[in-house]
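Structure record follows, encoded as structure tokens.
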Amino acid sequence: MTLQEGHSLNWDDLKYFLAVARTGTLRGGADSIRANHTTLARRLTIMEERLGSRLFDRSKAGLVLTQLGEDLMPHAERVEDEMTAASRVIVGRDARPKGTVYVTMPHGLAMTSIMDDLAAFAELYPDITLNMTFTNDVADLTRREADVSLRVAHEVTDDVVGRRLVQMSQAAYCTGDYARRITDNGGEGLHLIGWHEPEGDTTAKWVRESYYPNARLRHRVSELVPLITLAASGLGMAYLACNLGDRHPGLVRAPFQKPLAYRSLWLLLHRDLRNTARVRLFVDFLAARIKSRRNEFWVAGTVPAAVFEGAREGDLQTVHSRN
């Protein structure tokens with residue numbers, strides 16, 4: 001075999017050659033691989049020109065292999081076997097994705113129904129492992145600190161791909177005993193547990209804009225989980241996302257209020273991973289589950305706020321930095 005200088009065989013050449021060798025005709029070969037008859041004939045002619053010799057002799061019975069064609073046949077079949085094996089590997093991995101998905105989310109989400117979603121995903125895809133980091137620090141997806149990030153925020157300014165899943169509501173929560181002490185007086189005589197307000201401050205902007213502007217800040221916490229558990233212990237009222245407060249068995253919504261608009265829940269991923277099977281499966285699964293329970297996050301009677309208008313829920317979109 002003497003390929004002309006600068007030319008080499010490729011898989012398409014060999015695929016056309018095998019199709020004709022097995023059927024004995026150009027039309028039969030074209031039909032067997034669903035190719036255009038004219039295209040196949042042209043490609044076969046070019047292949048013979050590059051080889052400098054015929055691969056087939058024409059006879060009344062059709063096309064028969066020349067000696068060169070017979071010599072090429074086993075090589076072409078081995079290439080076909082390798083290509084078929086490679087396809088099986090790719091299709092198999094796509095059909096049964098496996099590997100690890102690195103997920104980061106704030107501590108508070110560990111106390112929500114999203115944990116049930118993670119368990120359901122793990123059961124449905126046993127070959128995918130979830131490596132979960134619970135932190136209030138914002139993961140830098142552009143530096144691959146995580147594959148996927150769940151974030152509670154008004155907006156996202158990272159240059160990443162993301163979905164705004166649901167808008168959230170918030171309300172003041174307390175124990176049932178504490179709730180029975182509340183009258184319709186704007187929170188006079190009541191206490192709200194503070195967050196990071198300056199020491200000594202007895203009120204804050206968010207208190208004055210709440211349904212309890214006369215309540216006073218007393219005590220402070222630095223993390224969400226202690227805020228929830230302390231409110232459930234009767235320390236005072238705490239403003240919580242409704243999907244957190246409504247779920248806690250020791251808390252009730254304080255009376256004489258309406259839920260207020262809160263932040264949104266975002267599902268973010270690095271742009272290079274949007275077509276990675278295991279990551280895309282996880283993102284699509286989690287998004288569908290959370291959106292199906294939208295009323296759990298944005299509860300009936302919530303007072304809307306203009307700050308939450310803009311991004312459309314549910315779309316996978318590129319979130320560009322606005323800095």
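None of the values given here were measured: they were computed from a predicted structure.
Applying the ring-ring contact (aromatic ring centres under 6.0 Å, His included) test to pairs two or more places apart or on separate chains, none has a residue in residues 21-51. Pairs engaging residues 29-44 under the salt bridge (charged side-chain N to carboxylate O under 4.0 Å, His left out) rule: D13-R43 [sequence neighbours left out]. Residue pairs that meet the ring-ring contact (aromatic ring centres under 6.0 Å, His included) test with at least one member in residues 45-64, sequence neighbours left out, are F17-F56. Every pair passing ring-ring contact (aromatic ring centres under 6.0 Å, His included) that includes a residue from residues 203-250 is listed here, sequence neighbours excluded: W206-Y239. Sorted by first then second residue, the ring-ring contact (aromatic ring centres under 6.0 Å, His included) pairs that include residues 170-194, not counting sequence neighbours, number zero. Residue pairs meeting the salt bridge (charged side-chain N to carboxylate O under 4.0 Å, His left out) criterion with at least one member in residues 229-250, sequence neighbours excluded: D116-R247, D246-R253.
Note on Y102: it does not cluster hydrophobically with M115, by side-chain heavy-atom contacts below 4.5 Å among ILVMFWY residues. Residue L190 is not grouped with residue W195 when hydrophobic side chains (ILVMFWY) are merged at heavy-atom distances under 4.5 angstrom, including chains of intermediate members. Cluster membership check: V152 does not share its hydrophobic cluster with M111, using side-chain heavy-atom separations under 4.5 Å among Ile, Leu, Val, Met, Phe, Trp and Tyr. Taking hydrophobic clusters as Ile, Leu, Val, Met, Phe, Trp and Tyr residues chained together by side-chain heavy-atom distances below 4.5 Å, V64 does not share a cluster with L40. A continuous path of Ile, Leu, Val, Met, Phe, Trp and Tyr side chains, each step under 4.5 Å between heavy atoms, connects V103 with F134, placing both in one hydrophobic cluster.
Listed by chain and number, the residues in a side chain to side chain contact (heavy atoms under 4.5 Å, CB included) with P213 amount to none (sequence neighbours excluded). Every residue meeting the side chain to side chain donor-acceptor pair (under 3.5 Å) condition with D57, not counting sequence neighbours, appears here in chain and number order: R54. With sequence neighbours excluded, the residues forming a salt bridge (charged side-chain N to carboxylate O under 4.0 Å, His left out) with R180 are D177, listed by chain and number. D201 is linked by a salt bridge (charged side-chain N to carboxylate O under 4.0 Å, His left out) to nothing, counting only residues two or more places apart in sequence or in another chain. Partners of N185 under the side chain to side chain donor-acceptor pair (under 3.5 Å) rule, at least two apart in sequence or in another chain, are T183.
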Derivation of the side-chain contact (heavy atoms from CB on, under 4.5 Å) call for L192 and R216 = CA-CA 6 Å; L192 282 160; R216 288 293 175 257; over 6 Å; no
Could you walk me through whether E48 and S53 pass side-chain hydrogen bond (donor to acceptor under 3.5 Å, both in side chains), step by step?
-> CA-CA 6 Å; E48 289 180 328; S53 183; over 6 Å; no
When you look at L150 and L265, which way does the side-chain contact (heavy atoms from CB on, under 4.5 Å) test go after all the steps?
-> CA-CA 7 Å; L150 278 164; L265 180 61; 4.3 Å; yes
Please walk me through it: do L227 and L240 pass side-chain contact (heavy atoms from CB on, under 4.5 Å)?
-> CA-CA 9 Å; L227 175 65; L240 304 170; 3.8 Å; yes
Should S169 and T302 be marked as a side-chain hydrogen bond (donor to acceptor under 3.5 Å, both in side chains) after you check the CA-CA gap, both sets of side-chain angles, and the distance that decides it?
-> CA-CA 6 Å; S169 305; T302 298; 2.7 Å; yes
Kindly indicate, with the supporting measurements, whether the criterion salt bridge (charged side-chain N to carboxylate O under 4.0 Å, His left out) is fulfilled by D81 and R78.
-> CA-CA 5 Å; D81 289 341; R78 280 197 295 272; over 6 Å; no
Begin from the C-alpha positions of L68 and L51 and carry the test side-chain contact (heavy atoms from CB on, under 4.5 Å) through to its verdict.
-> CA-CA 9 Å; L68 176 59; L51 291 171; 4.3 Å; yes
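In terms of heavy-atom proximity, L26 sits nearest to A41 at CD1-CB, 4.0 Å. In this structure, V207 and A215 approach most closely via the heavy-atom pair CG1-O, 3.8 Å. Taking both residues in full, the closest heavy atoms of I128 and V101 are given as CG2-CG2, 3.9 Å, listed atom of the first, atom of the second, then distance. Of all the heavy atoms in S264 and Q167, the pair that sits closest is OG-CA, 3.8 Å. The minimum heavy-atom distance linking L165 with A287 is given by the pair CD2-CB, 3.6 Å. A204 and E197 make their closest contact through CB-CG, 4.0 Å (heavy atoms, listed as atom of the first residue, atom of the second, distance).
Note that CD1 of I290 is 6.5 Å distant from CG of L267, once rounded to the nearest 0.5 Å. From D147, atom CG reaches atom CZ of F282 across 9.5 Å, with rounding to the nearest 0.5 Å. Annotation: the span from K205 atom NZ to S210 atom OG amounts to 11.5 Å, rounded to 0.5 Å. Atom OG of S113 sits about 4.5 Å away from atom CZ of F297, to the nearest 0.5 Å. Rounded to the nearest 0.5 Å, atoms CG (D117) and CG (L286) are 5.5 Å apart. Separating the CG atom in L230 from the CZ atom in R220 is a distance of 13.5 Å, to the nearest 0.5 Å.
The one candidate from K291, R163, R289 that meets the salt bridge (charged side-chain N to carboxylate O under 4.0 Å, His left out) condition with D284 is R163.
Counting heavy atoms of neighbouring residues, nucleotides and ligands inside a 6.0 Å radius, atom CZ of R293 exceeds 12 of them.
Between R22 and E80 there is a salt bridge, since a side-chain N of the basic residue sits under 4.0 Å from a carboxylate O of the acidic one.
Side-chain contact check for I114 versus N243: every heavy-atom pair is 4.5 Å or farther apart. Contact check for I182 versus M237: side-chain heavy atoms found under the 4.5 Å cut-off. Put simply, the side chain of N214 does not reach to within 4.5 Å of the side chain of T203, judged on heavy atoms. Taking 4.5 Å as the limit, every side-chain heavy atom of P97 sits out of range of all side-chain heavy atoms of T276. Side-chain contact between E223 and H107: present, with at least one pair of heavy atoms (C-beta onward) separated by less than 4.5 Å. Counting heavy atoms from C-beta on, the side chains of V161 and L268 never come closer than 4.5 Å.
The hydrophobic cluster containing V252, built from Ile/Leu/Val/Met/Phe/Trp/Tyr side-chain heavy atoms closer than 4.5 Å, comprises no other residue.
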